[in-house]
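Note that this is a predicted model, so its numbers are computed, not measured. Ligands are counted one by one from 1 in listed order, and the atoms in each one are counted from 1 as well. Hydrogens, waters and symmetry mates are skipped; everything else that's a heavy atom, side chains included, is used.
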Amino acid sequence: MAKKRIAVLCSGGGSNFQAVIDGIKSGAIDGKICLMIATSSSAYAIERAKANGIPYRIITKKGSGGLEAAYEARHEALMQAAPDIIVLAGYLGILLPKTIAAFPQRIINIHPALLPKHGGKGMHGHFVHEAVLASGDNKSGATVHFVDEGVDSGAIILQEEVPVIEGDTPETLAARVLKTEHKILPKAVAMLCKVNLTQPNT
Ligand code: GRF
């Protein structure tokens, strides 16, 4: 089977993107990153793409002349790159329905909580960990799931728990969860690289 082509979408530091890069380097992931799309020109994920010779595009709301135009441009870039798998790795934004339809059961997202708890609109970054602490839950974790038209609502692929520790702040919990994200995202990508994926809607 030819190596799977992987596209990654990032909005920030790209540590999850780096975990996928490292998974490919170690041989755990039998794939090749054909494109990274950054949604901000200051995203450190760009430096990571440069350092690893990964083709990247910076497609921002401002640079595209608005959010809808940016989503369209991201759609076009993905259709052109024709990846087998799309990974949302710290990607803040949505995908157009036609993008999701073009890559059925081939788009995955990493969420820093135990979905279906603490997910949905607005639940990203520190908001997630604040909600976990406010709920009094004694555990949190990370989830990799397929992306469907909802927010954080697609079928769950992998999940791993971490404890909430007395005195945790959103920052200390985020750091513990992030380590788990870096474990399960590459694992999920490696799994998808081994299976025959749904053929794209032509
Ligand atoms: C982190 O909050 C992580 O939990 C979530 O996206 C944010 C940035 O991660 N998945 P990254 O370092 O850009 O991958």
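Heavy-atom contacts of Glu181 reach the following atoms of ligand 1: 3 (C), 4 (O), 5 (C), 10 (N) (cutoff under 4.0 Å). In summary, the atoms of ligand 1 found under 4.0 Å from a heavy atom of Gly90, numbered by their order in the structure, are 6 (O). Of all atoms in ligand 1, numbered sequentially from 1 with element shown, those under 4.0 Å from a heavy atom of Pro112 are 4 (O). The ligand atoms of ligand 1 that sit less than 4.0 angstrom from a heavy atom of Ile110 are 10 (N).
We find that Asp30 and Lys4 are not joined by a salt bridge, their nearest charged nitrogen and carboxylate oxygen being 4.0 Å or further apart. No salt bridge links Lys3 with Asp84; every basic N to acidic carboxylate O contact stays at or beyond 4.0 Å. The pair Lys98-Glu72 counts as a salt bridge, with a side-chain nitrogen and a carboxylate oxygen less than 4.0 angstrom apart.
At least one heavy atom of Gly14 sits less than 4.0 Å from an atom of ligand 1.
Side-chain N or O atoms of Arg57 include none that pairs as donor or acceptor with a backbone N or O of Leu35 at under 3.5 Å. With Arg176 contributing its side chain and Ser140 its backbone, the two residues share no donor-acceptor pair below 3.5 Å. Between the side chain of Asn52 and the backbone N or O of Ile54, no donor-acceptor pair lies under 3.5 Å. Using a distance-only test at 3.5 Å, with no hydrogens or angles considered, no donor-acceptor pair links the side chain of Thr99 to the main chain of Leu95.
Considering only non-hydrogen protein atoms, atom 1 (C) of ligand 1 sits nearest to Leu178 CD1, 4.3 Å. For atom 12 (O) of ligand 1, the closest non-hydrogen atom on the protein side is Ser15 OG, 2.6 Å. From the protein, the heavy atom lying nearest to atom 9 (O) of ligand 1 is Asn16 ND2, 3.7 Å. For atom 2 (O) of ligand 1, the nearest non-hydrogen atom of the protein is Gly125 CA, 3.9 Å.
Checking only distances, His129 never comes within under 3.5 Å of ligand 1, N or O to N or O.
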